[in-house]
Amino acid sequence: MIKSAVKSDARILAELAIQMWNDHTVLDLEKEFENLIQSDKAVCFIKYVDNTAVGFAQCQIRTDYVEGTETSPVGYLEGIFVVETYRHNGYAKELLQECEKWAKEKKCSEFASDCALDNIDSFKFHMAMGFEEANRIICFKKNI
């Protein structure tokens, strides 16, 4: 079963997300998810197996420029995660399909995502799901 998250699901999302975004805290992620869930430009889906949350996907509507796209707004996969012991069962694909369906309902005709250059697993997932590589960039920063 896949459920669209509500505010009371923020902790469940945070506990899943911390396994992927471990440079945050569960509390920080919980607050972030509470805010996202209340936005009409974002949605989170939770995958359950036998009443256990085993994965989630977060997507948003982006109206700024999205690399490689030609239209606006664009649905954007901000994050997707499935607990390791539940992988290779098609759950991430199911979550992605829910995100794409939601984006279509929001009048998007394109859907995009990104991953770090060294995240080979994410790259393979995106390619397997029908994404096309749009560009590779290196981002710079400096303290001033």
Side-chain angles (χ1 to χ4, degrees), residues 1-49 51-141:
M1 172 185 84
I2 293 180
K3 173 186 172 188
S4 181
V6 294
K7 189 175 178 181
S8 61
D9 293 321
R11 183 65 175 214
I12 294 167
L13 288 164
E15 289 173 353
L16 288 166
I18 196 71
Q19 298 173 67
M20 179 173 60
W21 295 318
N22 56 12
D23 56 339
H24 294 69
T25 68
V26 171
L27 186 59
D28 289 339
L29 289 169
E30 183 177 8
K31 289 177 183 176
E32 186 175 327
F33 282 120
E34 285 176 354
N35 291 332
L36 283 171
I37 290 167
Q38 295 177 52
S39 169
D40 66 340
K41 294 188 183 276
V43 68
C44 297
F45 294 102
I46 305 171
K47 172 66 180 180
Y48 287 90
V49 175
N51 295 319
T52 300
V54 302
F56 83 99
Q58 172 194 342
C59 60
Q60 292 179 225
I61 301 298
R62 290 197 179 183
T63 54
D64 55 330
Y65 175 70
V66 174
E67 191 73 38
T69 63
E70 298 176 5
T71 62
S72 183
V74 172
Y76 204 88
L77 182 64
E78 302 289 349
I80 190 164
F81 174 81
V82 174
V83 174
E84 190 169 353
T85 55
Y86 289 90
R87 292 180 186 163
H88 307 291
N89 289 302
Y91 300 152
K93 182 177 183 176
E94 291 175 19
L95 287 162
L96 176 62
Q97 289 171 336
E98 288 296 318
C99 290
E100 291 172 347
K101 179 181 167 189
W102 176 82
K104 283 181 185 178
E105 290 170 358
K106 294 288 185 176
K107 308 298 184 217
C108 296
S109 61
E110 291 180 286
F111 196 82
S113 184
D114 63 66
C115 72
L117 289 173
D118 62 348
N119 191 338
I120 303 304
D121 290 338
S122 181
F123 178 81
K124 288 178 181 177
F125 167 76
H126 282 86
M127 297 307 287
M129 294 299 106
F131 284 92
E132 298 174 10
E133 186 175 326
N135 198 4
R136 289 185 180 232
I137 62 171
I138 298 173
C139 301
F140 298 94
K141 75 167 193 106

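Along the sequence shown, the residues carry numbers beginning at 1. Side chains are part of it too, since the values below use all heavy atoms of this structure and drop only hydrogens, waters and symmetry mates.
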Does atom CG of D23 have more than 12 heavy-atom neighbours from other groups under 6.0 Å away?
yes
Flag side-chain contact, heavy atom, 4.5 Å: Y76 against T69
no
Would you call E67 and R62 a salt bridge, using N to O less than 4.0 angstrom?
no
Can you find a heavy atom in the side chain of V83 that is under 4.5 Å from one in the side chain of L16?
yes
Quick one: list whatever passes ring-ring contact (aromatic ring centres under 6.0 Å, His included) with F81, sequence neighbours left out.
none
pair L36-Q60: side-chain heavy atoms closer than 4.5 Å
yes
Do T63 and P73 make a side-chain contact, defined as non-hydrogen atoms from C-beta onward lying under 4.5 Å apart?
yes
If you compare all heavy atoms of R136 against all heavy atoms of L117, which two are closest, and at what distance to 0.1 Å?
NH1-CD2, 3.7 Å
Check whether more than 12 heavy atoms from other residues, nucleotides or ligands sit under 6.0 Å from atom CD of E70, and answer yes or no.
no
Aromatic ring pairing F56/W21, orientation class (parallel under 30°, perpendicular over 60°, tilted between):
perpendicular
Measure across D9 and I46 and return the closest heavy-atom pair with its distance rounded to 0.1 Å.
CB-CD1, 3.8 Å
So do F125 and C115 actually touch side chain to side chain, heavy atoms under 4.5 Å?
no
Please tabulate, for side-chain N and O atoms in residues 91-101, each donor-acceptor pair with protein atoms closer than 3.5 Å (sequence neighbours left out).
unit_1	atom_1	unit_2	atom_2	d
E94	OE1	K47	NZ	2.8

Does the side chain of I120 come within less than 4.5 Å of K124's, by heavy atoms?
yes
Between I61 and W102, is there a side-chain heavy-atom distance shorter than 4.5 Å?
yes
